[in-house]
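Data block below; observations after.
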Amino acid sequence: MSAADTHIPAKVPPPRQAPPPPPDSRRPRGPRTSGGAAVPWLLLAPCLLILALVMGYPLARLVTLSFQKFGQSQLWGFQPAESVGFDNFAKVLGDGEFWAVVLRTIVFAGGAVVLTMVIGMALALLLQRVSGWLKVLINIVLVAGWGMPVIVATTVFKWLFDSDYGVFNALLSKLPGVDMVGHNWFASGPQGLAVIMLLVVWGAVPFVVITLSAGLTQVPRELEEAARLDGAGSWGVFRYVTLPVLKPIIVMLTTLSVIWDMGVFPQVFVMRGGHPEPEFQVLNTYSYDRAFVVNDYAQGSAIALITVLLLLGVVAVYMRQMLKIGEVE
């Protein structure tokens, strides 16, 4: 046997198989199950159930009472509740005192909202220009003021504006030619409501300042620098750069402030010792007075329902503005 016959040939590797073709994206897929769409509703179900129990039943009961004759006799079960249709609304809307209360509430809420937004914006801009430790200190003071209970804050303001021992009267009396010793701020409705408005603004400003401060951190510094290079002053930078960026936040805060200030109750009620005089009545206290002082629960419910409809109008304006902002963006 020769050497050539003893040579073992090398093994040839098997040919590599081509990878399977990717699935055709155009191939029709099976029907998608609807379980994925139901998951968010299942997660929201506990919250929606709680809202329906906590808010749904009282609102439904409020609507029912506003269309009935319901007083103390019906409350104690001596007489059945009678359906009177729109008579309660006709009496309320035909009462001149009600429209005076509506006008007073709108003026009160409008003044409080304007002061809250102006002071809040000024403080938020100021916080951007102070050092770190001072900013932290101011934020702590704001949060502490915001967390103070309404009853405590109202009691403090009653002491500040007291006619005999009030600090505010004593400070004003130190000004040349000013004598405010013994001045009663609650002797007239406008002055008393101005004091209550300051109380409402004092409690609302911290939330506005903190929210606007967070929004100011999102203003691009490059746009501010470009505006200054183009010759814009501080007001120009604020008007044409800062305000457009903060517009969604300002719309949200303004709407929430209108809703909160239209629904003021404990500040007026406590400040007047639980018995607000006619010149201090706003919609919520007026509804409470008709229901629990006059004992006409149906008419009080009608006033409350009209207040809810007014607030829903504010919410509708807010939603429309937010949709416009979304379309622009």
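Since the model is a prediction, treat every value here as computed from it, not as a measurement.
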Does some side-chain heavy atom of [Y] sit less than 4.5 Å from a side-chain heavy atom of [X]?
{"X": "M262", "Y": "T307", "answer": "no"}
{"X": "L175", "Y": "L172", "answer": "yes"}
{"X": "F269", "Y": "N284", "answer": "no"}
{"X": "V308", "Y": "L311", "answer": "no"}
{"X": "L65", "Y": "N88", "answer": "no"}
{"X": "Q191", "Y": "F186", "answer": "no"}
{"X": "T285", "Y": "V282", "answer": "yes"}
{"X": "F98", "Y": "I306", "answer": "yes"}

Rounded to the nearest 0.5 Å, what's the gap from [atom1] on [X] to [atom2] on [Y]? Could you check?
{"X": "K135", "Y": "S213", "atom1": "NZ", "atom2": "OG", "result": "7.5 Å"}
{"X": "L256", "Y": "T211", "atom1": "CG", "atom2": "OG1", "result": "9.0 Å"}
{"X": "W260", "Y": "T255", "atom1": "CH2", "atom2": "OG1", "result": "10.5 Å"}
{"X": "W235", "Y": "T242", "atom1": "CH2", "atom2": "OG1", "result": "10.5 Å"}
{"X": "L160", "Y": "K158", "atom1": "CG", "atom2": "NZ", "result": "12.5 Å"}
{"X": "D179", "Y": "S173", "atom1": "CG", "atom2": "OG", "result": "5.5 Å"}

What closest approach, in Å, do [X] and [Y] show between heavy atoms, and which atom pair accounts for it?
{"X": "W202", "Y": "A153", "result": "CZ3-CB, 3.7 Å"}
{"X": "V237", "Y": "R228", "result": "CG2-CG, 3.9 Å"}
{"X": "L53", "Y": "P58", "result": "O-CD, 3.9 Å"}
{"X": "M197", "Y": "G111", "result": "SD-C, 3.7 Å"}
{"X": "D261", "Y": "A112", "result": "OD2-CB, 3.4 Å"}
{"X": "F108", "Y": "V200", "result": "CZ-CG2, 3.9 Å"}

V113: which of V258, V118, V201 passes side chain to side chain contact (heavy atoms under 4.5 Å, CB included)
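Per the side chain to side chain contact (heavy atoms under 4.5 Å, CB included) rule, the option paired with V113 is V258, out of V258, V118, V201.
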Whether the side chain of [X] engages the backbone of [Y] through a donor-acceptor N/O pair (distance < 3.5 Å, no angle test) should be reported.
{"X": "S287", "Y": "I303", "value": "no"}
{"X": "S66", "Y": "A298", "value": "no"}
{"X": "Q281", "Y": "P276", "value": "yes"}

Please say yes or no: joined through hydrophobic side-chain contacts below 4.5 Å, possibly via intermediate residues, are [X] and [Y] part of one cluster?
{"X": "F280", "Y": "V195", "value": "yes"}
{"X": "V219", "Y": "L243", "value": "yes"}
{"X": "V208", "Y": "V251", "value": "yes"}
{"X": "I259", "Y": "M252", "value": "yes"}
{"X": "V314", "Y": "V264", "value": "no"}

Just checking K91: does its NZ atom have more than 12 heavy atoms from other residues, nucleotides or ligands closer to it than 6.0 angstrom?
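No.
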Using side-chain contact (heavy atoms from CB on, under 4.5 Å), reason through L51 and C47 one step at a time and then give a plain yes or no.
CA-CA 6 Å; L51 287 176; C47 180; 4.1 Å; yes
Checking F168 against W159 for the ring pair (Phe, Tyr, Trp, His ring centres under 6.0 Å) test, could you report, in this order, the C-alpha distance in whole Å, the side-chain angles of both residues, the deciding distance, and whether it holds?
CA-CA 9 Å; F168 195 72; W159 170 70; over 10 Å; no
Could you walk me through whether N139 and L127 satisfy the side-chain contact (heavy atoms from CB on, under 4.5 Å) test, starting with their C-alpha distance in whole Å, then the side-chain angles of each, then the deciding distance to 0.1 Å, before giving a yes or no?
CA-CA 9 Å; N139 282 323; L127 282 177; 3.8 Å; yes
Worked verdict on D162 versus W185 for side chain to side chain donor-acceptor pair (under 3.5 Å)
CA-CA 8 Å; D162 186 77; W185 290 90; over 6 Å; no
Working for side-chain contact (heavy atoms from CB on, under 4.5 Å), residues N295 and Y297:
CA-CA 6 Å; N295 293 322; Y297 304 102; 3.7 Å; yes
Kindly indicate, with the supporting measurements, whether the criterion side-chain contact (heavy atoms from CB on, under 4.5 Å) is fulfilled by F161 and N169.
CA-CA 7 Å; F161 289 90; N169 286 349; 5.6 Å; no
Examine R61 relative to F67 and say whether NZ or CZ is less than 6.0 Å from the centre of the six-membered ring and inside a 45° cone about the ring axis.
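Pair R61/F67 does not count as cation-pi.
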